[in-house]
Structures are given as C-alpha cells and as structure tokens.
Number of protein chains: 2
Amino acid sequence: MRRTPSLADVAREAGVAPITASRVANGAENVDEATRSRVLDTMGRLGYRPNLAARALATGHFKSIGVLTSSMRSPGNMWTIGEIVTAAAERGYTVTLLPFELRGGETVVNAYDRLTHEGVDGAIVVAERRLDDDTSITLPPGVPVIFIDAGGGDEYTVIDSDQAGGARMATEHLLDLGHRTVHHIAGPRESYAAMRRLAAWRRVLEERGLRVPEAPIGDWRSTSGHEAVDALLADGATAIFAANDQMAFGVLQRLHELGIDVPGQVSVVGFDDVIDADASWPPLTTVRQAFDEVGRVAIADLLERIADHDRPTAGVVVPVQLIVRGSTAAPA
Amino acid sequence: MRRTPSLADVAREAGVAPITASRVANGAENVDEATRSRVLDTMGRLGYRPNLAARALATGHFKSIGVLTSSMRSPGNMWTIGEIVTAAAERGYTVTLLPFELRGGETVVNAYDRLTHEGVDGAIVVAERRLDDDTSITLPPGVPVIFIDAGGGDEYTVIDSDQAGGARMATEHLLDLGHRTVHHIAGPRESYAAMRRLAAWRRVLEERGLRVPEAPIGDWRSTSGHEAVDALLADGATAIFAANDQMAFGVLQRLHELGIDVPGQVSVVGFDDVIDADASWPPLTTVRQAFDEVGRVAIADLLERIADHDRPTAGVVVPVQLIVRGSTAAPA
DNA sequence: GGGTAGCATGGTTGCGCTACCATGCCCGGT
DNA sequence: ACCGGGCATGGTAGCGCAACCATGCTACCC
C-alpha cells in the first residue's frame, strides 16, 4: 500500500486510462459526464491529491511566482506583498516568498541564486532599497522579473506609485494653505522612492521661487522623524512633509512633547496612508498609495510576460491620492 | 538546443555520470575536488539551474512550507509571517503563501484544498479568526500542520503568545497604579486571542473583587476603539485596556478630541506592540508579543514534525512582556 | 605481499504526471 | 448505404532528478 495514491491508482480503480484521469483532474472539457463523475468519485474515495512537482515537471511551469523582498517589517511593503498574493491567487498562481537578507547576512546575490532554484515562473522584486546595478545582472536569464518600488533600469519592467506626483501634491497642498515654504524629511538615500519624493518636493519649491530648506535624511522609522523636528523648528518650519507616515508620526510626537499645536502652529504631511494613519492625533494628512492596484498591475504584467517572454518592458506608474485630514492647516 | 540545460547536459559536457553531477549539485562530500570543480565550472558555463520540481518528484519532499492566512492586513499577522519566512529560510525552506479568502469569496475549505495541491511539506495556519471545527477536519491527512493564534483543538499543535498572561499584566499594571477598575475593549468574538485576553482581564478583576465593567466588542480596527470611548467614559472609566494597539490608537485619538488628558485623566494600554506603538502620543503602554519567537518556534516544531509525522502534538506558549510607556499613570 | 577498508564513480530505475498522436465510436449528410 | 467529421478515450514516451546497489580504485595495515 503506497503512501499516497497517484493518478495511476485512480485510473486503475476507476477503470480508465491515466490520461483520462488526468483530464478530469485538470477539468478538461472533453470527458464524458459519466466518466468524469466516476473518476471524481474514485478520487474522493482514495483521497487522491495531485502532485504538483510531477505536474510541474511534465508541463514545465510551476504556477508559482517568487516575491523577493528585503524587508518584511515595513508596513508599505507588507501591504504590497499582501495584495500581490491575493492578485496572484485570483489568477491561480501561488506566491513564494524569498527574503533578501537572512539573519546570517546573506546577500542580494544569494537571494537571486535562491530564486534560480525555486521553480517559479516569474518573480517580483519588492525592494525599498535600490539594487546595485551589478547585482541585478545576476538575475537568472529566462525568468521574467518585475520591479516594484525600485529602480531597475530600462531592461526591466518597473511598477510603482507616482512618487513624484504624490510629493508634489503634498508640497503644493501645504503651500496653497499659505505656508512660506515646506520642510522635508527625506527617506534613506538607497531608496529610489525616497529620492523621487525628495526631488519632486525640491522641484515644486524651485518652481515657485521659494526657499529650499535643508532636508534631513531619515531611515523611515518614527524615531528619525522625532529626531529631525528640533532642527527643522530652529529653521523656522511651519510645514513639515515627511517622506513616510512613520516618520510623520515621530514628528507629531515630538511636536506634542514640545507643546506645539498641530496643525495650529505646524502642519504635518506623511506619505503612504498606512493602516493607522487616520488614527493618529491629529489624523494625518498623507498621500495614499494604491498598494492593491500596484499588486494587481504587477501580477497582470508578470503573467503576460510569462506567457510571452519577449514582451517589451514597460513601466507603469500608479496614481496616488492626497488624503487631507486634520494635521494640516493655514499657518498661524 | 534545449531551453534549459539539465544535469544530464552538465554531466555529458563535463565527462561524468549524471549521478556525479547530482552529487556536486547537492554538495555531497564524497566527490573528488578536481571532479567537483570541473562539474561546477561546467554548470556555470552552461548556466545550469536545478529543477526543483524534478528534485521534489524524486525525493518526495519539497523543501517548502505553506502559510495559510486569513488576513495580510493585520500588522501582527504580517509581522509573524515575516518572521516565519525568515526562520524558514534559515533552515533551507521556502514559504508559500496561501490566502484564505480571495476577493471572490473563497472559503477556508478551498484554501485547504489548495494546500493539498501546493506541494508543501507542512503548513502553518496563521489565523486571527477561529476556524470552525468541521472545516479543520478537511485538513489533508499526512500534512503536518501547526496553528498560530487560533484554537486548533488538541489534535493539532498550537503555538501562541501568552495572551492570558499579557492581558493579566496589562490589567494588573493599571490596578497597581491605583485605578479602581479597568475597562476593556475586546477584540472580535471569532478570535481566540481576543477571547483569552477578555477572560484574563475579567479574571483579574474578579480575583480582586472589583467591578467588572461591560466590555464593548471591537473589530481590531482603530475606529472601533474610537467609537467605544464615550460609553466607557460615561461608565466612569479611568483606565482603558484595548485588546490591540490599533484600537488603543483609536481610544487615544478620541480622548484627544474630547480634550481629556492621557495619562493624567485616563490611562490607556494596548496589546501587540506593533511597529509604531512607541510613536503615538503619548507613547503607548502595551504588551509586546515576541512575534519573532513565535515564528521561530513554529518553524522549528513544524520541521521536527515533518521529520517525524508521529510526533505527539504539544502546544507552546511564548512569553509576552509589558512595555510601560507614557500612556499610563495613577488616576487623578 | 596479501587482504581489506574506504572512497570516488557509474548504471539503472522510477517518482507522477502530461504531450503527442492514434484509435474507435456515433452522428449526420448526401 | 456510404463517407466524413467530431468527440471520447487510450498508448507511449519522457520531463529532470536522486535512490539504490555495484564496481573499481587507492591506500593502508599487519
């Protein structure tokens, strides 16, 4: 008695050829109803479970896509990944998570190496950090790859929210309220997204001929927002645009500590609209990224690329939306 | 010229038998150094990539574990999953994500069904919601399963943070500060964790012979914390223990709206210590769950169970820790 | 110097499934 | 009645890899 029944067992038991059982298992049309139900019944009775490895070996594709990610901690990343998983599942694909960095200190290259073994039909790189160009070269050929939130050069498809547009909206919102300028707390230099937001913020100020204050560089975490506040206030800040919500939370906290009224004395804007952005005090004005849309577009594009490897690469920019809440107002 | 080189190609090219190439690919010890490097060189030159499907078919195991999850949105869940992925990767295992609910409304049963196809060696169920008993019966036999944060009965291994202990610590902390009683905002009834926290909170009050206020039921989201506050205040609350951090954020926000000082007039405690719990205003006193430890223990236990299917089930309770910050103080 | 331990290597086989093509049946058209 | 088309079904083969056991070789021991 073998451990687990195979299609051959089912076929023998049901009195059909293995291929017919296979057709039933795959829901093929051209099977007689009586035969189908007999096979189905036998499968149930035997407790048949298709072996995906065998199927993948025979068909050459795995119905699985790999998601390479550097950080499972960042709320935005997790959100994106969740949406990718859902979108993939809807299309009958499974998602395998491949972490960039292990605690032992494995590198990006190793993650790619891992990818080459995984038996995935394609991959999505969700990297908040910029990848060095020479590591991206090590991507295994023949595996379609899509980048989210990272510069991948022209050779790969990059899908991302409209970072520049969002930063522009945030900055213009504050200026339109009457602030003389806007102070920015940037994300880390390694992040393409952070650099795009920084550049767009600067651009708006320059376009309007306004003073461009020095922008401290944060690490995305709330503490770096917290720590940046004092210097910004010393520089006369009345409007602070943080490159993500977490840093904005840190800013809010420091302003509360100092007894500074928000938005009465200082306005604050974040970026991302993470899950609790509306639960802060005051509720945070921020730029909402359509993470679900990003995930959907990424999956859709990747599946097309899997079907046609020679599809030309093309980036997609997903629109963002300014969500005005209670942390912004006209200057005193 | 075939699409992708196989071990046989490598072997032929390197002048060895396929099995020798296989040994090199698997890092077996008993291969001559010269032979090994020659094969390795050939692999590199040919761009050989091992086919995991073939390997899994031949060995019978996939080096992959499935994570079934109902929600990719909850910060706690995502944190746990992230740690599972990391812990699994350290042990050479890959994680495949299997969502419970698709947008179309697939059910838990379908997720299990999907699991049976996935070709995983074992599975971890990360369910903040309680599973109905009869659905759990549909778990495919022969696939070791571990539950996190969900009641699985005695037939399965359940690993979880010490929900009761954490709730007890939170409640006692507030009482020890001098509050006459503690009001609780519970999580949804379907959640085992929420029910354990609720029961432990009630227990502490009863032990001390204190009044047990009515506990509103929330949905984990900040809005339900926000909405619960007014009734609690009307009931004379001076100390509010929310069943998770998000609801605590909602509580803080409502208290701010009402101009009530925290912790001067009302103390607030959360649960989880999510990523920005220390960035709220005031910084949130909360119960820290060791999500990383939960993930590690789950993987360790699951791998042992994969190696020995007949291992007796045994639950593990992972300790939690009260993190006292600025949202709690003695009553006015 | 003979025996043997220990190591590197190879041949064969089968994991479970599906692709490809062939076959046989029933049906309607003329 | 004959022929051809459409449909259900089957036979055979192979996907890429590792398990099993056998073989040949070296080196070492007494």
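Quick note on labels: first sequence line is chain A, next is B, and so on, each numbered from 1.
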**Complete:** salt bridge (Lys or Arg N to Asp or Glu O under 4.0 Å) filter on B:R311, not counting sequence neighbours, yields B:D301, B:E304
**Nearest non-hydrogen partners of A:A87 and A:G295, listed with the distance** = CB-O, 4.2 Å
**Request:** Heavy atoms only: give me the nearest A:A56-A:F62 pair and the separation to one decimal.
**Result:** CB-CD2, 3.6 Å
**Message:** Less than 4.5 Å apart, side chain to side chain, heavy atoms only: is that true for A:K63 and A:T94?
**Reply:** no
Under 3.5 Å, which protein N or O atoms sit close to an N or O of nucleotides 8-10 of chain D? Give each pair with its distance.
| from | atom 1 | to | atom 2 | distance (Å) |
| --- | --- | --- | --- | --- |
| D:dT9 | OP1 | A:T35 | OG1 | 2.4 |
| D:dT9 | OP2 | A:D32 | N | 3.0 |
| D:dG10 | OP2 | A:A17 | N | 2.8 |
| D:dG10 | OP2 | A:T20 | OG1 | 2.8 |
| D:dG10 | N7 | A:R23 | NH2 | 3.1 |

Rounded to whole Å, how long is the line connecting atom [atom1] of [X] with atom [atom2] of [N]?
{"X": "B:L52", "N": "C:dC15", "atom1": "CG", "atom2": "P", "answer": "21 Å"}
{"X": "B:R12", "N": "C:dG11", "atom1": "CZ", "atom2": "C1'", "answer": "16 Å"}
{"X": "B:D9", "N": "D:dC17", "atom1": "CG", "atom2": "C1'", "answer": "13 Å"}
{"X": "B:F62", "N": "D:dC17", "atom1": "CZ", "atom2": "C1'", "answer": "14 Å"}
{"X": "A:M43", "N": "C:dG16", "atom1": "CE", "atom2": "P", "answer": "15 Å"}

**Prompt:** What's the verdict on salt bridge (Lys or Arg N to Asp or Glu O under 4.0 Å) for B:R12 and B:D9, showing C-alpha distance, side-chain angles and the deciding distance?
**Reply:** CA-CA 5 Å; B:R12 191 178 333 105; B:D9 298 323; 3.1 Å; yes
**Request:** Would you please name every residue forming a side chain to side chain donor-acceptor pair (under 3.5 Å) with A:E293, sequence neighbours left out?
**Result:** A:R296
Table of protein N/O atoms under 3.5 Å from nucleotides 23-26 of chain C N/O atoms:
none

**Request:** List for me each residue that meets side chain to side chain contact (heavy atoms under 4.5 Å, CB included) alongside B:A88, sequence neighbours excluded, and say none if there are none.
**Result:** B:Y93, B:V95, B:I299
**Asked** Between the axis at one end of the helix from C:dG1-D:dC30 to C:dT30-D:dA1 and the axis at the other (five pairs apiece), what's the angle to 10 degrees?
**Response** 30°
